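The structure appears right after this line, and notes come after that.
The shown structure was predicted, so the numbers you read here are calculated from the model rather than taken from an experiment. Just so you know, ligand 1 is whichever comes first in the structure, and atom 1 is the first atom listed for that ligand. Values below: every heavy atom of this structure, side chains too, minus hydrogens, waters and symmetry copies.
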Amino acid sequence: MNKHIILLPGDGIGKEIMESAKQILNAVAGEFGHHFTLHEHLIGGAAIDQNNTPLPEATIEACQEADAILLGAVGGEKWDGLPAEKQPEKGLLGIRKELGLFANLRPIKGFPSLLYASPLKEHIIDGSDILIIRELTGGLYFGQPSERQENGDAVVDTLYYHRDEMERIIDKAFQSARLRHNHLTSVDKANVLESSRMWREIVSEKSSEYPDVVVEHELVDAAAMKLITQPDQFDVMVTENMFGDILSDEASVLTGSLGMLPSASVRSDGVGLYEPVHGSAPDIAGQGIANPLGTILSVTLMLRHSFQMETEAAAVERAVRESLEQGYYTADLDIKHGRPVSTEEMTTAVLDNLSVKSVSDSICNMYV
Ligand code: IPM
Ligand code: MG
């Protein structure tokens with residue numbers, strides 16, 4: 001298959017982990033007979049430095065033509081003093097909105113060999129396998145007005161959702177639950193917010209179209225608590241933009257390895273933007289020690305969700321799992337013994353484990 005992929009390394013460690021992703025994509029193309037064209041563009045602070053804007057037109061145009069996009073990370077203290085519209089994060093929010101990537105998928109599943117590093121007791125986190133689905137292009141993040149009023153003494157952020165925006169993300173969540181364990185937890189604040197009451201109504205209406213999916217409604221504060229006390233009770237969670245941002249950060253550390261977690265931001269036609277959940281980590285940028293696995297696993301989400309390359313995705317996931325089992329750990333993984341490996345060494349380990357021949361007898365589908 002021919003696929004056209006745009007790479008947006010961004011800032012901080014984004015550049016280093018993107019190098020790893022390129023090697024993995026090239027290896028997958030070689031092993032499986034695909035042709036991937038890879039083109040890099042600017043976003044975030046790097047784009048501000050060169051073009052005085054976090055999201056240049058050239059980047060938007062290139063992404064609009066792409067089959068899929070891979071992003072490293074944006075942000076860093078260097079740009080802290082700039083006005084709101086010049087913040088690196090605006091580049092990320094802008095590209096999500098421009099491309100209509102309304103569904104953010106954040107799978108949270110630990111690798112058995114890393115569970116000791118979880119802040120939770122191992123028996124509590126063991127067996128947890130959660131997919132958080134976050135609405136990504138509406139709600140408080142994009143409501144108008146969002147401004148200071150009364151000479152700066154008052155402030156308003158608007159939480160606006162149209163029914164259509166809620167319906168499409170809730171549909172996506174039901175469909176994802178069907179591909180997993182048929183259990184959907186809808187998270188809202190219906191005891192306080194009108195938007196949440198409408199959200200809950202729509203989830204209830206939709207549930208009659210998916211009678212095979214068990215639905216639960218959970219208030220966001222209770223959901224935050226249960227993520228810590230009973231994470232294995234969740235399968236698919238669906239929620240609006242702001243709640244999803246907060247809950248997914250909370251959930252992401254449960255497996256003991258934020259540096260491992262991938263994410264996908266997709267729309268209905270399969271085009272998607274894939275990125276690791278971790279940030280740009282300016283404190284370790286340029287040292288060659290960043291964990292590339294969150295990005296490499298984001299590549300697996302791209303292969304699966306945008307290209308329907310299930311075998312290829314499973315082969316990369318298996319190579320990651322095997323590399324960890326062989327004792328390769330980057331410094332963030334809090335190893336108990338031995339020397340942490342560099343970004344490049346970890347990438348090489350995954351490449352070495354990535355081979356076609358034994359795929360068929362060890363298919364693993366970590367993330368659906
Ligand atoms: C995320 C990030 C972004 C968000 C920031 C960088 C704007 O926290 O992807 O979760 O809030 O959506
Ligand atoms: Mg976040």
Among side-chain atoms of [X] and [Y], is any donor-acceptor pair under 3.5 angstrom?
| X | Y | answer |
| --- | --- | --- |
| R96 | S265 | no |
| D332 | T330 | yes |
| Y210 | N182 | no |

Next item on the list: Report, in ascending order of atom number, the atoms of ligand 1 lying under 4.0 Å from any heavy atom of R134.
Entry: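 Under 4.0 Å from R134, ligand 1 has these atoms: 1 (C), 4 (C), 9 (O), 10 (O), 11 (O), 12 (O).
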
Note to self: Below 30° counts as parallel, above 60° as perpendicular, anything between as tilted: where do the rings of H4 and H39 land?
What the structure shows: perpendicular

Closest to [atom] among [options] (heavy-atom distance):
| atom | options | value |
| --- | --- | --- |
| atom 3 (C) of ligand 1 | Q87, K90, R96 | R96 |
| atom 8 (O) of ligand 1 | L92, D245, I246, N104 | D245 |
| atom 1 (C) of ligand 1 | R106, E275, E89, M242 | R106 |

Item checked: Row check, F142 ring normal vs K97 NZ/CZ: under 6.0 Å, within 45° -> yes

Item checked: Count of N, O or S atoms belonging to protein, less than 2.8 Å from the Mg ion (ligand 2) -> 1

Next item on the list: Looking only at protein heavy atoms, identify the closest one to atom 11 (O) of ligand 1 and say how far it is in Å.
Entry: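 That would be Y141 OH, 2.6 Å.
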
Check: Can we say E345 and R339 salt-bridge, meaning some charged N sits less than 4.0 Å from an Asp/Glu carboxylate O?
Finding: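 Counted as a salt bridge, because a side-chain N and a carboxylate O are separated by less than 4.0 Å.
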
Margin query: Could you check whether E216 pairs with K226 (Lys NZ or Arg NE/NH1/NH2 to Asp/Glu carboxylate O, under 4.0 Å)?
Written below: no

Margin query: I'd like to know if the side chain of Q287 reaches the main chain of D283, judged simply by a donor and an acceptor atom lying under 3.5 Å from each other, with no hydrogens or angles considered.
Written below: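 It does hold such a pair.
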
